[in-house]
Amino acid sequence: MTDTAGTGALPVEGVPAARVLDEIRALRAGDRPTHGGRLFAYVYDPGVAGLDELAQAAYAESAHVNGLDPTAFPSLLAMENALVGAAARLLGGGPGTSAPDVVGSVTSGGTESLILAVKAARDARPDLAEPRIVVPVSGHAAFAKAAHYLRVALDPVPVDPVTLRPAVADVAAAIRPETVLVVASAPSYAHGVIDPVAEIAAVAAAAGVRCHVDACFGGWTLPWLRRLGAPVPPFDFAVPGVTSISVDLHKYAYAPKGVSVLLHRDPGLRAPQFFAYADWPGYTMVNPVIASTRSGGPIAAAYATLRHLGEDGYLRLAAVTRDAVAGLADAVRAVDGLRLLAEPESTVVCFTADDPALDLFVLVDELTARGWHTQPQLAYAGLPASVHLTVTAAVAPRVAEFGPALAEAAATARAAGPVVLPPELLALAGSLTPEALTPDLIAGLAAGLGLGAGAAPDRMAAVNTLLQAAPVRLRERLLVEFVGLLQRPTW
Ligand SMILES: Cc1ncc(COP(=O)(O)O)c(C=O)c1O
């Protein structure tokens with residue numbers, strides 16, 4: 001009998017539901033573990049029994065609801081408004097605060113929130129031919145993406161190699177008459193440090209410029225950590241001059257992916273974020289966010305998650321996470337040759353290696369081989385290569401196992417020594433311009449690094465070493481080419 005089902009997405013004859021699910025589960029078996037506290041990036045796991053089932057059921061209820069038209073689906077409007085209200089209240093806005101008129105929108109994620117913050121700032125100044133934004137280099141890469149998509153110039157501000165924060169004087173000096181937005185992070189993703197938000201917002205306000213606080217990562221942890229007694233500096237709408245804040249619910253609010261909130265201090269600031277169009281023969285269109293058709297699934301799932309966990313749930317999860325961060329930081333301190341790049345002040349542990357014999361990229365591979373998935377960060381602008389750990393509540397029960405695993409991985413990495421790439425390859429990476437890359441050269445590089453079509457190698461140290469040897473623009477081009485090799489249709 002011929003197998004008409006094959007393995008493609010569109011078989012000749014439909015496949016029974018149970019088998020389709022089995023196939024997906026088999027594919028998922030090759031993924032990194034989204035639950036269980038061994039993956040320190042990409043996923044946010046509270047480890048709360050029953051929460052996934054609740055979120056999935058809520059998602060299913062609203063998956064086919066379309067956010068395109070809030071009048072057709074008032075359920076979605078009600079849940080969006082409730083999410084915005086909760087985020088605003090948590091971040092210093094709402095009735096009885098100094099920011100009583102806060103409004104917001106639910107977006108698909110941090111990147112969309114940041115793009116829209118930049119769009120709102122840009123479109124509030126139609127008089128400017130060449131609008132610009134001021135962003136510390138520790139700001140999320142999504143600001144560069146926003147600048148690129150929206151044709152806004154990016155003025156990067158360096159960060160101090162010790163504090164990993166921008167100097168306020170440098171931020172002030174970067175503001176020009178064309179500046180439409182100044183950015184601060186609370187905290188930065190890479191290192192988990194909180195920028196001097198009050199000072200940055202003050203210099204922005206003095207120049208009459210909007211100030212966006214990117215709290216995509218920390219907006220749903222810092223307020224709880226503060227309530228638990230941590231010395232969290234002011235970073236939200238309590239700070240005069242902060243005009244907008246983003247907070248991702250699919251991060252530390254522990255909602256399934258596809259949901260973030262962008263808040264503005266008042267409706268006037270938000271207005272240029274919207275897009276309306278009536279100059280065509282179809283339906284009248286008004287989109288508060290980038291997407292037009294939007295699934296209600298992520299919004300309903302987030303709503304269910306917030307209501308189920310409640311303030312006491314988040315406070316409890318934050319306490320557990322805080323203790324896990326302290327335990328992981330101790331584990332790093334206990335390994336000779338490793339050093340915390342920043343003292344943890346949120347939910348990130350970030351460390352570097354002071355000993356050249358201990359190659360961080362090899363260490364990351366050794367941890368992966370032991371079932372611990374960390375995130376390598378390349379050396380950049382005077383900052384050393386580092387390893388990033390996003391810490392969530394599900395990590396807590398694992399902390400005691402992590403210390404010995406880290407020590408063992410470090411000993412193995414030290415014994416193995418740093419990755420040695422052929423000197424001519426390193427010289428090539430250091431000197432090539434992106435324009436000089438030919439398809440043959442890319443294919444040769446990829447093959448040499450084990451990057452086959454549709455698959456990445458188990459060990460990434462060689463890839464990271466090569467990328468690190470390359471100047472920034474070449475790094476970007478190589479990344480595009482390498483991922484282009486992975487994204488090929490299967491037939
Ligand atoms: C501080 C910060 N801003 C923005 C983003 C982008 O968020 P997303 O990946 O949801 O687009 C992230 C993601 O990690 C982040 O940490």
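We use all heavy atoms of the structure for the numbers below, so side chains are in, but hydrogens, waters and symmetry mates are not. When a ligand or atom number is given, it counts from 1 through the structure's own listing order.
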Which residue and non-hydrogen atom of the protein lie closest to [atom], and at what distance in Å?
atom	answer
atom 11 (O) of ligand 1	T111 OG1, 2.5 Å
atom 3 (N) of ligand 1	D214 OD2, 2.7 Å
atom 15 (C) of ligand 1	H140 CD2, 3.3 Å

For the student: nearest non-hydrogen atoms of S113 and L262, plus distance: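 Minimum heavy-atom contact is O-CD2, 3.5 Å.
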D248 heavy atoms, cut-off 4.0 Å: which ligand 1 atoms fall inside?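 Ligand 1 atoms under the 4.0 Å threshold to D248: 7 (O), 10 (O).
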Taking 4.0 angstrom as the limit and counting only heavy atoms of C216, give me the atoms of ligand 1 inside it, by number and element.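 Checking each atom against C216, I get 2 (C), 3 (N), 4 (C).
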Does F217 reach ligand 1 with a nitrogen or oxygen that is under 3.5 Å from one of the ligand's nitrogen or oxygen atoms?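 Between F217 and ligand 1, no N or O pair is found under 3.5 Å apart.
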Can you tell which part of A142 has a heavy atom less than 4.0 Å from ligand 1: side chain, backbone, both or neither?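 Neither; no heavy atom under 4.0 Å.
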Test of understanding: given a 4.0 Å heavy-atom threshold, classify the contact between K251 and ligand 1 as side chain, backbone, both, or neither.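 Near ligand 1, K251 shows its side chain, while the N, CA, C and O stay back.
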Neighbour count >12 (heavy atoms, 6.0 Å) for atom CD, E53: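 For E53, atom CD is crowded (more than 12 foreign heavy atoms under 6.0 Å).
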So that I know where these two stand, are Y44 and Y254 an aromatic pair - ring centroids less than 6.0 Å apart?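 For Y44 and Y254, the ring centres are not under 6.0 Å apart.
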Check: Y42 ring centroid to H373 ring centroid under 6.0 Å: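 Not under 6.0 Å, so no.
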Only pairs at least two apart or in different chains count here, so list each side-chain hydrogen bond (donor to acceptor under 3.5 Å, both in side chains) that has a residue in residues 468-481.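 Listed by first then second residue: R473-E476, R477-E481.
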What class does the angle between the rings of F217 and Y189 fall in, given that below 30° is parallel, 30 to 60° is tilted and above 60° is perpendicular?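 It falls in the perpendicular class, over 60°.
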